[in-house]
Amino acid sequence: MSVFRYPRPPSSDITPHAAWLSRRDILATGLAGAAGAILPPRIAQADTLAARPGPLSDGGLTPTPLQDVTHYNNFYEFGLEKTDPAERSGDFHPRPWTLRVEGMVAKPRTYDIDTLLARPLEERIYRMRCVEAWSMVIPWIGFSLGDLLREVEPLGSARYVAFESVLRPSEMPGQSGLLPVLDWPYVEALRLDEALHPLTILAVGLYGQTLPNQNGAPVRLVVPWKYGFKGIKSVVRIRLTDSRPRTAWNVRAPDEYGFYANVNPAVDHPRWSQATERPIGVRGGFFGAARQPTLPFNGYGAQVAGLYAGMDLRRDF
Ligand SMILES: Nc1nc2c(c(=O)[nH]1)N[C@H]1C(S)=C(S)[C@@H](COP(=O)(O)O)O[C@H]1N2
Ligand SMILES: [Mo]
């Protein structure tokens, strides 16, 4: 074994979300890729993006190194291992792209990605806490989802916002795997008041550049007080509705992944504790030496706890 700088995570780190698939089954589908292969990073067409520092950025946080943000990913459309999205998304085309916003709105509209990139963009440095109990700090570039939704004029009857990822099996090997890990396309949803909250953004970049494919190019949702799986990648459709939409992980394993998925150290996942987390990219983080406490609402409680007044967050996890 040679010396390596970015160790592959131990196999126990592989996809706890999908632990019902045995490692042998995963390998049989070919989804796991060439285990151990060292491939050059392929970050497609990163263009520089201008953004002003957002008033809601947490300037006190130290961002996770770019190498980790772009090489330790969950994006099952490209495979189940953390390194698959970086290694297997090189043929994905994030342009041309349109984002359709429709449903219970007065002015449904189709946005071209170029018009979204031309909006005033902000940097938002947010904590990201995966339900698998690891975390990062990511300097996103994006814009308020609420601002976009107000442009299409939600009807008074709208109560939820549904999101849909792209369905493109020819470019996303995980979507044509033999084992259907999730029902494709990946879908997610928020309550309308959560979607309108000023912390909720659509991100079009990170670290000053357009989004790498593996992070959800060209546009993805970021909801920093919720577990990472709510942050749906490569979004093509947003639909306002009056009934609670299906969400991918909740459909797959409702006892493990709730609709709300607010980060909550007091409510454990059935198979592991949520009290602490491993910060990725911090010395000792990969192997557990540098665990840190998980914060209620991922540290954003002062801003968002009021959204859940009167709710039992143990039941509505
Ligand atoms: N379409 C899609 N979106 C997705 C996922 C996915 O598999 N497919 N994984 C989710 C999970 S579990 C997490 S933790 C975050 C990871 O985002 P990152 O790789 O940019 O850190 O993306 C979320 N969005
Ligand atoms: Mo996650």
Side-chain angles (χ1 to χ4, degrees), residues 6 39-59 61-75 77-78 82-101 109-126 128 136-148 151 163-168 170-173 185-186 200-224 228 231-238 280-281:
Y6 293 98
L39 298 175
R42 294 174 72 186
I43 299 181
Q45 49 185 132
D47 298 324
T48 303
L49 280 183
R52 65 192 154 93
L56 296 166
S57 268
D58 188 338
L61 294 171
T62 303
T64 303
L66 177 63
Q67 173 73 16
D68 295 301
V69 172
T70 55
H71 290 77
Y72 190 88
N73 300 101
N74 277 335
F75 200 167
E77 285 87 334
F78 294 107
K82 296 289 182 276
T83 47
D84 284 340
E87 292 174 0
R88 308 178 81 201
S89 64
D91 295 327
F92 180 73
H93 293 104
R95 304 271 192 106
W97 194 274
T98 55
L99 172 62
R100 175 76 182 160
V101 189
R109 190 168 155 188
T110 301
Y111 291 87
D112 190 90
I113 188 62
D114 291 319
T115 67
L116 295 178
L117 289 166
R119 297 171 79 90
L121 301 175
E122 274 180 29
E123 179 170 77
R124 301 275 184 103
I125 302 171
Y126 282 162
M128 221 268 295
M136 296 191 186
V137 173
I138 303 181
W140 300 109
I141 291 177
F143 53 87
S144 152
L145 174 63
D147 286 350
L148 189 85
E151 289 174 10
F163 303 83
E164 197 177 297
S165 290
V166 71
L167 183 65
R168 210 182 272 178
S170 61
E171 295 180 15
M172 298 177 129
Y186 196 102
T200 305
I201 61 168
L202 288 179
V204 292
L206 55 79
Y207 266 104
Q209 300 194 314
T210 50
L211 276 183
N213 287 346
Q214 59 265 43
N215 295 93
V219 56
R220 60 89 60 84
L221 180 68
V222 178
V223 194
I232 180 172
K233 295 176 167 181
S234 304
V235 178
V236 290
R237 203 154 74 101
I238 297 178
I280 301 300

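Remark: side-chain polar atoms of Arg168 are paired, donor with acceptor, to backbone N or O of His93 under 3.5 angstrom. Of the possible donor and acceptor atoms, one in the side chain of Ser89 sits under 3.5 Å from a partner among the backbone N and O of Pro85. A distance-only check finds a donor-acceptor pair linking the side chain of Thr64 to the backbone of Val137 [under 3.5 Å]. At least one donor-acceptor pair under 3.5 Å links the side chain of Arg220 to the backbone N or O of Asn215. For the pair Thr210 (side chain) and Gly205 (backbone), a donor-acceptor distance under 3.5 Å is absent. Glu164 places no side-chain N or O within donor-acceptor distance of the main-chain N or O of Pro185, the cut-off being under 3.5 Å.
Here the OH atom belonging to Tyr207 is positioned 9.5 Å from the OG1 atom belonging to Thr70, to the nearest 0.5 angstrom. Distance check: Asp147 CG to Glu122 CD gives 8.5 Å after rounding to the nearest 0.5 Å. Note that OH of Tyr72 is 4.0 Å distant from CD1 of Ile280, once rounded to the nearest 0.5 Å.
Between Phe92 and Ala217, the closest heavy-atom pair is CE2-O, 3.5 Å. What you find for Leu66 and Leu206 is that their closest heavy atoms are CD1-CD1, 3.8 Å. Between Ile238 and Phe163, the shortest heavy-atom distance links the atoms CG1-CD2, 3.7 Å.
Looking only at atom types and distance, the side chain of Asn74 has a donor-acceptor partner in the side chain of Lys82 under 3.5 Å away.
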- Item | Intermediate values then yes/no, side-chain contact (heavy atoms from CB on, under 4.5 Å), Tyr111 and Val219 | CA-CA 11 Å; Tyr111 291 87; Val219 56; over 6 Å; no
- Dump the intermediate steps for side-chain contact (heavy atoms from CB on, under 4.5 Å) on Phe75 and Asp84, then the final yes or no. CA-CA 8 Å; Phe75 200 167; Asp84 284 340; over 6 Å; no
